[in-house]
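Since the model is a prediction, treat every value here as computed from it, not as a measurement.
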Amino acid sequence: MRCSAGYKKITGVYIGCVLIFLLLFPVVGHIGVTYCYAADPEQEQQKIKESILSEFEYGEIDDSLQSLFPEKRIIFKEVISEILTGNLKASAKLLSEFVREQMFYLLQTGKKNLIHILLIAMIAAFMNQFAGTLQNRQVASVGFYMIYMLLAALTVAAFDVVLKWVESGIRNITAFMGVFYPVYFLAVAVAKGSVTGVAFYNLVLFLIYAVEIIIGNVLLPMVRVYMIIRILNFLGPEDTLEKLSEFLEIVIRWTLKTALACVIGANLIQGMISPAIDTVKRSTVLKGAEAIPGIGNLLGGMTEVALGTAVLVKNGIGMAGAVICIALCVIPLVQTAGTALLYKFAAAMIQPVSDERVTGCVEAVGEGCQILMQIVFTVGVLFLLTIAIVAAVTNA
């Protein structure tokens, strides 16, 4: 596994940091006196920061970003550098561009289908209003059902497009996290210790697998079944399938809440154990370094500065990954939210003149998109919470 091989670099990183300090802080020993010649502390910290950043391999992350955002030139190390300097304007600009692009794309792709649905809904309303003037009401009823089936086919097709957007979005999120987490937890291992890095990395591997299996292969197909049941429920004069659709909705929402609670609990429990083990190990090393006669205090101070800089780099890498994760979540969220609003608005427009079954059919698309929004939001929160909890428990 690439991550386990990466952990072999940790010892080299530590040794490199010590050598850098010895070069930057030459010590001349005299009897009872130690002279230390140091440059500007901020410059030295910047050199240490750049040295630690250069130890990580960003090739796979950059390749993933190139495939996920082919029209953007996103270099992961540049994103980290901007965040470490406190400049978040580029990240905010990136997110705003994604929102504008997805809204424009949504209007371009969904406008034609929505117009067809509204025209069919108006025809169904016309036939429903004037059915009493026809001598054979059975003919009018058959005509209404034919129009409703055409409307149902259009709404299912529109929902399938949104479902594909969500599937692609979740797949992109898990693909990026699969190449981001090895680098992030290698930084965690450098800043805090290998026990914490390995423990949390095993946890997120299970998280990625669970997202792909539970959400990708179970919940998303269940949402499509829910959508079809909702549409078929309005085919008859009575709500014969309403309880079944409510049951599926409860199962989906409860599964998402349970997954969120389990991931938070597992991260918190892991955060209580592994960092404490690494803290004890680090304290032992620091005390041993400080006990060296003559240069003990200097080595202890240098080690503290190196570890503090490693924590800063670790948080910068985590923040950069969180920004990319949010950008990947924004794409399907904007698409599903925009579609839900469009079809909710369409249902509100046709309700005064159309049959309630037609209105319910159009509104079902908006309700299905709301469930898809919750799925995407939960997936994003699962990964973001993992980054946030790991950053919080490894800062000390």
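Ring geometry for F185 against F200 counts as parallel: the plane angle stays under 30°, on a 0 to 90° scale with 60° as the upper cut.
Nearest heavy atoms, T359 versus A347: CG2-O, 3.6 Å. Scanning both residues, G380 and C325, for their nearest heavy atoms gives O-SG, 4.3 Å. Closest approach of N233 to E242, counting heavy atoms only: OD1-N, 3.2 Å. Closest approach of V223 to G368, counting heavy atoms only: CG1-O, 4.2 Å. I264 and I389 make their closest contact through O-CD1, 4.4 Å (heavy atoms, listed as atom of the first residue, atom of the second, distance). Closest heavy-atom contact between G316 and I80: C-CG2, 4.1 Å.
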- Message: Is there a side-chain contact (heavy atoms from CB on, under 4.5 Å) between Y226 and L244? Walk through the geometry before answering.
- Response: CA-CA 8 Å; Y226 163 83; L244 179 58; over 6 Å; no

- Which is it for L151 and V358 under the side-chain contact (heavy atoms from CB on, under 4.5 Å) test, yes or no, and what are the steps along the way? CA-CA 8 Å; L151 178 64; V358 174; 3.5 Å; yes

- Item | CA sep, side-chain torsions, deciding dist, call: F180, I317, side-chain contact (heavy atoms from CB on, under 4.5 Å) | CA-CA 9 Å; F180 163 73; I317 294 175; 3.8 Å; yes

- Chi angles and distances behind the side-chain contact (heavy atoms from CB on, under 4.5 Å) call for L203, L207: CA-CA 6 Å; L203 181 62; L207 174 60; 5.9 Å; no

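Using a 4.5 Å heavy-atom cutoff, the side chains of M227 and V365 are in contact. The side-chain heavy atoms of E167 and L220, taken from C-beta on, include a pair separated by under 4.5 Å. Taking 4.5 Å as the limit, every side-chain heavy atom of E249 sits out of range of all side-chain heavy atoms of E367.
For D160, the salt bridge (Lys or Arg N to Asp or Glu O under 4.0 Å) partners at least two apart in sequence or on another chain are R224. Under the rule for a salt bridge (Lys or Arg N to Asp or Glu O under 4.0 Å), the partners of E246 that lie at least two apart in sequence or sit in another chain are K243.
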Can you give each donor-acceptor pair under 3.5 Å made by side-chain atoms of residues 168-178, sequence neighbours left out, with the distance rounded to 0.1 Å?
from : atom 1 : to   : atom 2 : distance (Å)
N172 : ND2    : S168 : O      : 3.2
T174 : OG1    : I170 : O      : 3.1
T174 : OG1    : R171 : O      : 2.9

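A donor-acceptor pair under 3.5 Å is absent between the side-chain atoms of D62 and the main chain of I75, judged by distance alone. Listed for the S64 side chain is no donor-acceptor partner under 3.5 Å among the backbone atoms of E60. Judged purely by atom type and a 3.5 angstrom limit, Y184 uses its side chain to pair as donor or acceptor with the backbone of I387.
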